[in-house]
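What follows is a set of notes on a single structure, which appears directly below.
Below, read A as the first sequence line, B as the second, and so on, with proteins coming before strands; counting in each chain starts at 1. Both backbone and side-chain heavy atoms feed into the values below; hydrogens, waters and symmetry mates do not.
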Amino acid sequence: MTTPARHTARPDAPDDRPGPEPDPGELPRSEPESGGSAPVPRTRRGVALVLGAGLAGVLVVLVLVSAGTGAYGIPVGDVLGSLAHRAGVGGAALERVPESVLWNVRLPRVVLGLLVGGSLGCAGALTQGVFGNPLAEPGVIGISSGAAVGAVVSIAFGLGFLGTWTVSGCAFAAGLVTVLLVYVLARSGGRTEVVTLILTGIAVNAFAGALIGLSVFFADNAQLTQITFWQLGSLAQATWPKVLAVLPCALAGLLAAPFFARRLDLLALGERPARHLGVDVERLRLGLILVVALLTAAAVAVAGVITFVGLLVPHLLRMAAGPGHRFLVPGSALGGAVVLVGADLAARTVAQPAELPLGVLTALLGSPFFFWLLRRTRRRQGGWA
Amino acid sequence: MIGRRGRAAAGAAPVRVPAGSTAAEARGVRVRRAGRTVLDGVDLALAAGEVLALVGPNGAGKSTLLGALAADVPPGEGSVRLAGVPAGTLSARQLAVRRAVLPQSSAPAFPFTVAEVVRMGRAPWAGTSHEDEDETAVAEAMAATEVTAFAGRPFSALSGGERARVALARVLAQRTGVLLLDEPTAALDLRHQEAALAVCRERAAAGDAVAVVLHDLGQAAAYADRIALLTDGRLTALGRPDRVLDGEVLTGVYGCPVEVLPHPRTGAPLVLPERGRPTSGGSGESGGRRGSRAG
């Protein structure tokens with residue numbers, strides 16, 4: 001065999017080159033450099049930790065402030081006292097009126113905001129991961145409107161076969177059908193092109209709009225008002241039963257999501273490379289689509305269509321802490337909750353005593369971000385194609 | 001849940017075979033795509049400890065054959081075995097600890113850093129005893145492909161050749177007994193082409209089975225133990241480089257006059273298109289240069 005001879009001859013060849021010791025030099029050099037490479041993920045991990053802790057801190061403050069702020073002001077100290085009292089760890093009950101305002105009006109709304117925001121943020125991160133596309137967001141690609149069709153139909157036709165869970169259930173079923181539809185329509189050859197994805201979103205949104213219009217046409221006046229308010233996106237109708245109605249969907253989705261994180265990282269390499277690294281891609285996709293539908297349905301069923309939270313939050317976190325899904329997925333849930341509780345606080349305080357629709361507010365703030373994102377990407381890599 | 005089941009089963013079946021025995025095998029593999037027969041009854045056995053080069057014209061079925069050996073697509077007819085086990089019976093996880101695949105091109109959808117991408121190659125070993133090797137496997141793979149210097153840069157910020165080296169590093173870090181590489185040298189400069197093929201030889205010397213799709217027949221001659229020449233989905237020739245690389249056969253296969261000359265110093269076969277013939281005027285110069293060096 002000639003090959004082994006040539007193989008053994010090869011180490012001589014580098015000796016003729018200007019750099020005479022590439023082979024011995026490389027091995028020791030790799031040690032400190034791999035040590036130097038490690039801090040990169042480590043700093044990203046550091047950023048992620050700080051960011052996670054920061055978001056959690058902000059969220060706690062926002063929850064307390066939001067619970068105390070409104071037409072009937074309650075000092076944060078009293079809020080804490082009442083919370084501690086109910087939890088049975090000291091504190092004291094408030095007077096009858098503030099206690100009632102806090103527990104029957106404010107807290108259900110804040111908790112609903114946490115659940116909806118967390119669901120939207122998390123669903124955004126998962127959708128972007130499963131489509132391998134930073135523009136995929138339940139609102140943009142039509143999943144939210146799909147879920148909205150289910151909810152609107154159930155309101156307009158006075159459906160009640162699942163009791164308080166009827167609207168959630170219909171939203172979930174319609175959301176699931178829509179995700180599957182978008183997925184099948186927008187993918188070809190294992191890839192989702194941005195243009196196809198966005199165009200599919202436009203088509204799905206148009207179709208959903210028509211179905212919603214049809215439902216509105218058949219609805220009576222009381223249902224019409226309910227549908228209109230719900231469409232604008234709002235947490236104003238929050239009650240404990242509503243919280244309970246979305247809790248199963250939202251909680252199931254939020255608890256399941258982190259288990260997909262490691263495989264989502266691998267999926268980012270592409271379908272074939274992910275399969276080569278041991279990911280059962282079909283199964284992963286199916287699971288993710290189910291979780292996205294759960295989360296979107298939970299959010300849409302109670303709060304209407306609230307767009308851009310799922311786009312904005314994962315994007316900002318990815319810029320700050322890198323694209324690793326182990327932080328991105330739970331981080332986006334946390335960030336989504338912060339944004340939604342904050343936005344809701346703003347929605348009901350900036351134009352007091354009137355209340356802005358939450359969905360309108362997030363779209364007002366979210367759309368400029370979308371513009372900025374488009375311009376930034378265009379500058380950096382010549383746009384998405 | 002998927003992981004745990006795969007892990008237990010992956011531990012049970014053999015992951016490697018001793019050098020010299022068949023590590024991956026395609027038998028009578030026929031693949032049809034969009035009404036066209038891409039692979040037409042190919043028999044090929046890849047042995048542990050050898051570098052096998054897959055060569056042939058564009059569209060001859062090299063990548064499809066590599067994909068069949070990787071168990072990417074179940075063949076329409078025929079069978080694929082990895083270490084004697086039918087590939088269809090292995091889970092994605094079990095396959096991932098047996099063979100690593102370098103695709104022609106791939107870019108992550110999100111801005112992962114080079115170090116993060118290479119580390120993804122260790123994913124199949126998570127939760128096994130081999131997890132302890134993660135750090136050394138990643139460091140060695142990055143050193144072998146010379147990507148350590150930009151470990152912290154996002155993959156999306158790299159040039160084509162740098163990306164190809166990072167992709168190769170990820171595949172090397174997987175440390176499987178079977179390596180299936182689709183044109184690992186395509187985007188690389190001369191120095192890194194040689195380095196990539198030297199890594200193939202090292203892995204084969206360490207007992208791994210390496211199949212590599214190459215376009216440069218000279219490289220195939222220099223680095224491969226055996227060459228498989230594919231034409232229109234069939235195996236035209238299979239064997240030692242000096243047997244397979246025949247001027248007449250290659251001329252027929254590539255549809256262009258090819259000559260095979262011994263290297264003036266080493267005697268290794270050099271494969272060159274016949275330039276300097278009256279048919280193409282511009283290349284007469286290169287023919288002249290070659291002549292003068294030989295003289």
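- In this structure, the separation between CG on B:Leu214 and CG on B:Leu181 is 9.0 Å, given to the nearest 0.5 Å.
- Heavy-atom pairs under 4.5 Å with chain B were tallied for A:Gly322, A:Gly270, A:Pro273, A:Ala268; the largest tally goes to A:Ala268.
- Proximity to chain A (any heavy atom under 4.5 Å) is restricted, for B:Val117, to the side chain, taken from C-beta onward.
- Side-chain N or O atoms of A:Asp265 include none that pairs as donor or acceptor with a backbone N or O of A:Gly324 at under 3.5 Å.
- With a 4.5 Å cut-off on side-chain heavy atoms, A:Ile141 and A:Thr200 do not count as touching.
- Here the options are A:Val329, A:Val291, A:Thr127, the test is side-chain contact (heavy atoms from CB on, under 4.5 Å), and the partner is A:Cys122; only A:Val329 passes.
- Using a 4.5 Å cut-off between heavy atoms, B:Ala100 makes no contact with chain A at all.
- Of the listed residues (A:Val281, A:Val279, A:Leu266, A:Leu267), the one with the most heavy-atom contacts under 4.5 Å to chain B is A:Leu266.
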* Decide salt bridge (charged side-chain N to carboxylate O under 4.0 Å, His left out) for A:Arg275 and B:Asp72; before the verdict, give the C-alpha distance in whole Å, the side-chain angles of both, and the deciding distance to 0.1 Å. => CA-CA 8 Å; A:Arg275 204 172 297 129; B:Asp72 275 353; 5.1 Å; no
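- In this structure, the portion of B:Arg170 lying under 4.5 Å from any heavy atom of chain A is its side chain and not its backbone.
- At a 4.5 Å heavy-atom cutoff, the contact between B:Pro103 and chain A is made by side-chain atoms alone.
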